[in-house]
Amino acid sequence: PNTVLPTSTDYLVYAGGRTSYVYNSISGVLYGFGANSEGQLGVGDNNTKATPVILPFNNLKKISPNETHTLLLNNDGSVYATGLNSLGQL
């Protein structure tokens with residue numbers, strides 16, 4: 001479901017490649033929007049998101065979005081990867 005970001009100054013912004021853009025709020029809620037042709041937003045489909053959607057990740061320490069994939073480091077040290085995996089790279 002689409003959602004609009006709340007008004008706040010408590011956001012960190014991450015931009016990746018030319019195709020995906022992700023907001024990570026300090027509250028731990030992760031929002032994403034932009035191109036998603038390879039599933040790089042991790043929402044279970046390959047549809048472009050014109051408006052921010054809540055992503056299924058939280059408690060993140062770092063985010064590394066790229067053109068066809070996104071890497072996410074959780075505060076507990078676990079790593080998540082979403083997106084293109086045609087050669088088993090994820």
Side-chain angles (χ1 to χ4, degrees):
N2 290 338
T3 186
V4 176
L5 289 172
T7 303
S8 175
T9 58
D10 293 335
Y11 290 94
L12 302 174
V13 178
Y14 299 86
R18 297 173 302 196
T19 61
S20 63
Y21 303 94
V22 179
Y23 286 95
N24 180 10
S25 76
I26 294 188
S27 68
V29 177
L30 184 64
Y31 300 90
F33 65 96
N36 188 40
S37 61
E38 305 298 338
Q40 58 267 47
L41 292 176
V43 293
D45 64 47
N46 292 6
N47 300 322
T48 295
K49 306 300 181 204
T51 58
V53 295
I54 295 175
L55 303 182
F57 307 100
N58 54 28
N59 298 316
L60 297 173
K61 185 173 185 176
K62 292 197 182 237
I63 303 168
S64 180
N66 295 283
E67 190 167 337
T68 60
H69 69 277
T70 303
L71 300 174
L72 307 108
L73 175 63
N74 195 295
N75 284 322
D76 68 8
S78 57
V79 176
Y80 303 101
T82 63
L84 182 64
N85 190 35
S86 60
L87 301 174
Q89 62 268 43
L90 299 181

List, by chain and then residue number, the residues other than L84 in its hydrophobic cluster (Ile/Leu/Val/Met/Phe/Trp/Tyr, side-chain heavy atoms under 4.5 Å); write none if there are no others.
none

Does D45 have any side-chain contact (heavy atoms from CB on, under 4.5 Å) partners at least two apart in sequence or in another chain, and if so, which?
N36, V43, N47, K49

Under a 4.5 Å cut-off applied to non-hydrogen side-chain atoms, are I63 and L30 in contact?
yes

Atom NZ of K62 and atom CG of L71: how far apart are they, to the nearest 0.5 Å?
12.5 Å

Under the side-chain contact (heavy atoms from CB on, under 4.5 Å) test, residues paired with N75 that sit two or more places apart:
N59, K61

T70 versus L41: any side-chain heavy-atom pair under 4.5 Å?
no

When you compare the side chain of T82 with that of F57, does any pair of heavy atoms fall below 4.5 Å?
yes

Which atom names give the shortest non-hydrogen contact between P56 and G42, and what distance separates them?
CG-O, 3.3 Å

Taking N66's backbone N and O only, do any of them form a donor-acceptor pair with Q40's side chain (distance below 3.5 Å, no angle check)?
no

Going from CD1 on I54 to OH on Y31, what distance comes out if it is rounded to the nearest 0.5 angstrom?
5.0 Å

